[in-house]
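Chain A is the first sequence line, chain B the second, and so forth, proteins listed ahead of strands; every chain is numbered from 1. In what follows, every heavy atom counts, from backbone to side chain, and hydrogens, waters and symmetry copies are set aside.
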Amino acid sequence: MEVVQRIAQLRTEIERHNHAYYVLDAPTIPDAEYDKLFRELQSLETQHPELLTLDSPSQRVGGAVLDGFSPVRHAVAMLSIRTETDTEGSGAFNFDTRVRKALDRNDAEIEYACELKFDGLAINLRYERGVLVQATTRGDGETGEDVSQNIRTIHCIPLCLQYCDAEIIEVRGEVYMSRKDFNRYNDKQRALGLASLVNPRNGAAGSIRQLDSRLAARRPLSFFAYGLGEVRGWDLPATHSGVLDALSSFGLPVCDERAVVRGAQALADFHHKVAMLRDALAFDIDGVVYKVNSLAVQAELGFVSREPRWAVAHKYPAEEQLTVLRDIEIQVGRTGKLTPVAKLEPVFVGGTTVSNATLHNEDEIRRKDVHIGDTVIVRRAGDVIPEVAGVVLERRPAHLMPFVMPTTCPVCGSKVVREESEVNVRCTGGLFCGAQRKQAILHFASRRAMGVEGLGDKLVDQLVDENIIHSLPDLYRLDVATLAALERMAEKSAQNIVVALEKSKHTTLSRFLFSLGIRHVGETTAKDLAHNFGKLEAIMQADNERLLSVPDVGPIVAQSIVDFFGELHNIEVVQDLRDVGVSWEEHDGVSTAALPLTGQTFVLTGTLPNLSREEAKSRLESLGAKVAGSVSKKTSYVVAGAEAGSKLDKARELNVLVLDEAELIALLRKVDSK
DNA sequence: TGGCCTCGAGTTCA
DNA sequence: CTCGAGGCCA
C-alpha cells in the first residue's frame, strides 16, 4: 500500500479512537492496540519526514521548546461576560428583566440556553477547512498568545473536524483539568517529591503557558466548547443551542449539562439544580451562564461597554478565598500527636465562614511552604473539610520566618519525638500531659465507649485544669457538690452528670476495652478481643502469641496490648474502675456456635426510616454478621436508606446486593427464625 | 513482596 | 470523610 495512504488511514483511525476515548468516554479498542497504531504512524513519519503535518496525532506528544509565545490579534474580540452579583438568588430575574426591557417585550417569555461556567482558561481554536491551525489565549480580549503547540497535546481537542470543511470556523471554549486528573497528577508528583498544583484551574493555566510542550503534554487537560469566534463559509444555526449541537457533531467536546428553557423562573431553577449537582461534577465550575438562545435576538440586543447584553454569568459562592494566616497553633491529641492548626483571618468560603484549618504535620507545612503572616488560599468544596491549598508568594511580606515544630510539648513541656518512618511528632508525656489526659477522658466518656452523656470538652477542661480529676476512676468519685461549684454548672446539670456516670457503669467488655484507649485498639478490634477471650483477665495476661491467634490482630496490635497491660499504672486504673463499680458480663470466650449470618459482611449507608444505624448494626452483629465501614467486592450486602452517598454508588459499581430497610428486616426475621 | 481491604485516628462548622 | 497504616492473601 502507498505510504501516503497508510499514513492518512492511521491518522483517521487514531483520531477516531481519540474521540471515542476522550470525548465520548467509551474506548473502542484496548490501549495496547492503540499504542501499536500510534507507533506505526510515528515510525512512518520518521521515515518520511516530508509527510509530517501539524494535524497529525503524533504531534500530541509535544514538540520544540519555545522562547516565548507570539501575540495574535483576535479576528473577533474575546469578550468577557458580565457577572450577575446577587445576594438572594435574584440574578436570573434581574437578567431576564433587563433583556425584556431592552427588547421592549415585557410580556414575552424569552428562550434561553443555560450552561455551566467552567473554572479554567478560555481558548480560541481556529479551524481552516476543518483543520486546527491555531490556538490562542484570551489575553486582554483583543490580543492573545499563540499556544497552538500546547493545545495540540490535549487529546479531546480534534486536530481535524468531522463533517466540517467551512473556510474558517473559530471555536471558543475552556481548557480545564478534571478533579480526578488533578488528584491523580498531584498524587504522582508528591510520590516523586515534586511540586504539586494548587488547584485545577492553576494546573490548566500553568500547563498552557508552558514553553516546553512536552511538559504540557504530561498534564492531563480537557476542553469544552461553548461558543464561536470568526466564522466564514458556514451557515450558522438559528440558535445558540443549535451551534453547540453542531460543534458536538463536528467532534468537539460539549458539556452535556445544559438546557434550553423559557422565562426567568426556569433560569433560577437551572441555577438551583446545578448547585445541587456541583460537588458531584467531574470538574470545577464557578457558576452557570445564561444566554439568549436565538442568535437573531442576540444581534438585536448587542453590547454595552464591551459586554454582551444577551449573556450573563450567575455565580455560586466561591470555593476558594484568599486570607491571611494569623498564627499556627499546636494541638495535642489523645495519642500525643502534635497537630499544627492554621488560625486564619475568618473568610466566607464554600458557604461558611472558616477560621481554622488543619495543616496535618510538619512535612505538609514545608511542602506547602506556609509561613505565619502569609496570604494563603483556603479551599472548601461542598462537604469537604476546609484546607489551606497554597500560598500566594507574591504577597509575602519581607522577613517572615519559616515555621518550626516545637521540640517540647506546648502543653506539658515534655520532650517530643518523631519516630523514624513516621510523619507525626508525638509528646512523650503520656498521661502526665494535660492535653492527653483530657483527650483520654473524653474518649473514655464518648458515646461509642462508656457513653457518659453530658461530659463534654468544656467540662473536662475544667475538671483537669482544677486538678479535680487525675485519672479515669476519679470520674466516678465526683459528687454533685464538686460539680456544681464549676462554671456553667449548677445543681441540675451536676445531678445529670452523676446519673449519667452511674448509668455508664454497667457496660460490656468490648466497650470497656475500647474506652481504655489502647493504641491500635479501636471499636472493632475491641469487639474481636472481647469475643475471643470473654474475660478481661485473660486479655491482660495474654502474651504476644496468644493475641496473634485472634483474627485481624497482628504483631503491631498485639505488642501494643502487651505494652499497655505491662504498665503497672494501667493495671491500677483498671482495678480502680472495677472497684468503683464498673462492671460487665464475662463468658468463657469464643462461643464457637456458628450464628446464621457468620461470615457475611454488611455495610450501612444513608438514613433508614425506622431502624437507627446503631440498632441495625447491633441486630446484624448479634446474628454473627460483620458490619464494615466501606464497600468492597467482599461485601455481602449494602443496606441503603435515604440520602445514601458514595457507598451506594460503589455497591452498584461492584454489583453488590443492595437492600432497603424492609428487605433487611425481612432478612433478619427469616434468618432469626431458623 | 505487592496489592487489596479494613480499621484507627483526626478533622470543621452550624 | 479521608488518609495512613496494619493485616491478610496470592
Side-chain angles (χ1 to χ4, degrees), chain A residues 179 183 186-187 190-191 279-280 317 319 321 323 329-344 346-361 363-364 367 378-388 419-426 435-436 438-440 442-443 446 448-449 457 510 513-529 544 547-561 601-606 617 626-636 643-651 654 656:
Chain A
R179 290 172 177 165
N183 290 328
N186 269 356
D187 289 348
R190 281 190 200 117
D279 294 335
E319 293 187 331
Q321 288 291 345
T323 190
E329 218 177 72
I330 303 290
Q331 272 176 15
V332 182
R334 174 165 67 87
T335 62
K337 188 199 157 190
L338 269 58
T339 308
V341 177
K343 307 305 275 183
L344 305 163
V347 268
F348 191 73
V349 47
T352 52
T353 306
V354 173
S355 43
N356 297 316
T358 177
L359 290 166
H360 303 291
N361 55 56
D363 289 10
E364 182 84 3
R367 192 161 56 218
V378 176
R379 186 175 169 82
R380 191 197 119 103
D383 287 341
V384 177
I385 289 171
E387 60 161 358
V388 174
E419 310 230 334
E420 231 175 304
S421 80
E422 246 216 355
V423 289
N424 294 326
V425 173
R426 298 200 132 83
Q436 288 183 65
K438 284 176 188 171
Q439 293 298 317
L442 278 170
H443 171 76
S446 69
R448 303 155 97 84
D457 56 353
S510 65
L513 262 182
F514 174 52
S515 62
L516 291 175
I518 304 167
R519 274 254 260 162
H520 302 120
V521 178
E523 217 182 348
T524 311
T525 308
K527 250 176 221 164
D528 289 348
L529 290 167
N544 241 306
L547 287 163
L548 284 169
S549 72
V550 179
D552 294 336
V553 172
I556 308 256
V557 176
Q559 191 57 51
S560 169
I561 296 166
T601 309
F602 286 71
V603 174
L604 306 175
T605 179
K617 189 174 175 186
K626 230 176 149 78
V627 177
S630 59
V631 183
S632 73
K633 58 186 174 190
K634 290 188 179 169
T635 309
S636 328
E643 282 167 65
S646 57
K647 289 182 204 168
L648 182 56
D649 301 339
K650 186 95 187 261
L654 296 173
V656 174

**OP:** Taking salt bridge (Lys or Arg N to Asp or Glu O under 4.0 Å) as the test, write out the residues that go with A:D457, two or more places apart.
**Re:** none

Subject >> Partner set under salt bridge (Lys or Arg N to Asp or Glu O under 4.0 Å) for A:R334, not counting sequence neighbours >> reply: none

Original post:
Partners of A:K337 by salt bridge (Lys or Arg N to Asp or Glu O under 4.0 Å), sequence neighbours excluded?
Top reply: none

Original post:
What integer distance in Å separates A:Q439:CD from B:dA9:P?
Top reply: 12 Å

**OP:** Under the salt bridge (Lys or Arg N to Asp or Glu O under 4.0 Å) rule, collect the residues that match up with A:R519, sequence neighbours excluded.
**Re:** none

Original post:
Is A:R334 near enough to B:dA9 that one of its side-chain N or O atoms lies under 4.0 angstrom from OP1 or OP2?
Top reply: yes

Original post:
Atom NE2 of A:H520 and atom P of B:dA9: how far apart are they, to the nearest Å?
Top reply: 7 Å

Original post:
Can a side chain N or O of A:T339 be found less than 4.0 Å away from OP1 or OP2 on B:dT11?
Top reply: yes

Please output the side-chain donor-acceptor pairs of residues 348-360 of chain A that fall under 3.5 Å, not counting sequence neighbours, one pair per line with the distance.
| from | atom 1 | to | atom 2 | distance (Å) |
| --- | --- | --- | --- | --- |
| A:N356 | OD1 | A:K343 | NZ | 2.8 |
| A:T358 | OG1 | A:H360 | N | 3.0 |

Original post:
Partners of A:A628 by side chain to side chain contact (heavy atoms under 4.5 Å, CB included), sequence neighbours excluded?
Top reply: A:T601, A:V603

**OP:** With sequence neighbours excluded, tell me which residues meet side chain to side chain contact (heavy atoms under 4.5 Å, CB included) with A:A440.
**Re:** A:L431

Original post:
Which nucleotide, B:dC7, C:dG6, B:dT11, lies nearest any side-chain atom of A:V557?
Top reply: C:dG6

Please list, for nucleotides 12-14 of chain B, all pairs of protein and nucleotide N/O atoms separated by less than 3.5 Å.
| from | atom 1 | to | atom 2 | distance (Å) |
| --- | --- | --- | --- | --- |
| B:dC13 | OP1 | A:S355 | N | 2.9 |
| B:dC13 | OP1 | A:N356 | N | 3.0 |

Write out a two-atom table: protein N or O, nucleotide N or O from nucleotides 8-10 of chain C, distance below 3.5 Å.
| from | atom 1 | to | atom 2 | distance (Å) |
| --- | --- | --- | --- | --- |
| C:dC8 | OP1 | A:D552 | N | 2.8 |

Original post:
How long is the line joining CZ of A:R379 and C1' of C:dC1, in whole Å?
Top reply: 16 Å

Original post:
Roughly how far, to the nearest 0.5 Å, is the CZ atom of A:F514 from the NZ atom of A:K527?
Top reply: 9.5 Å

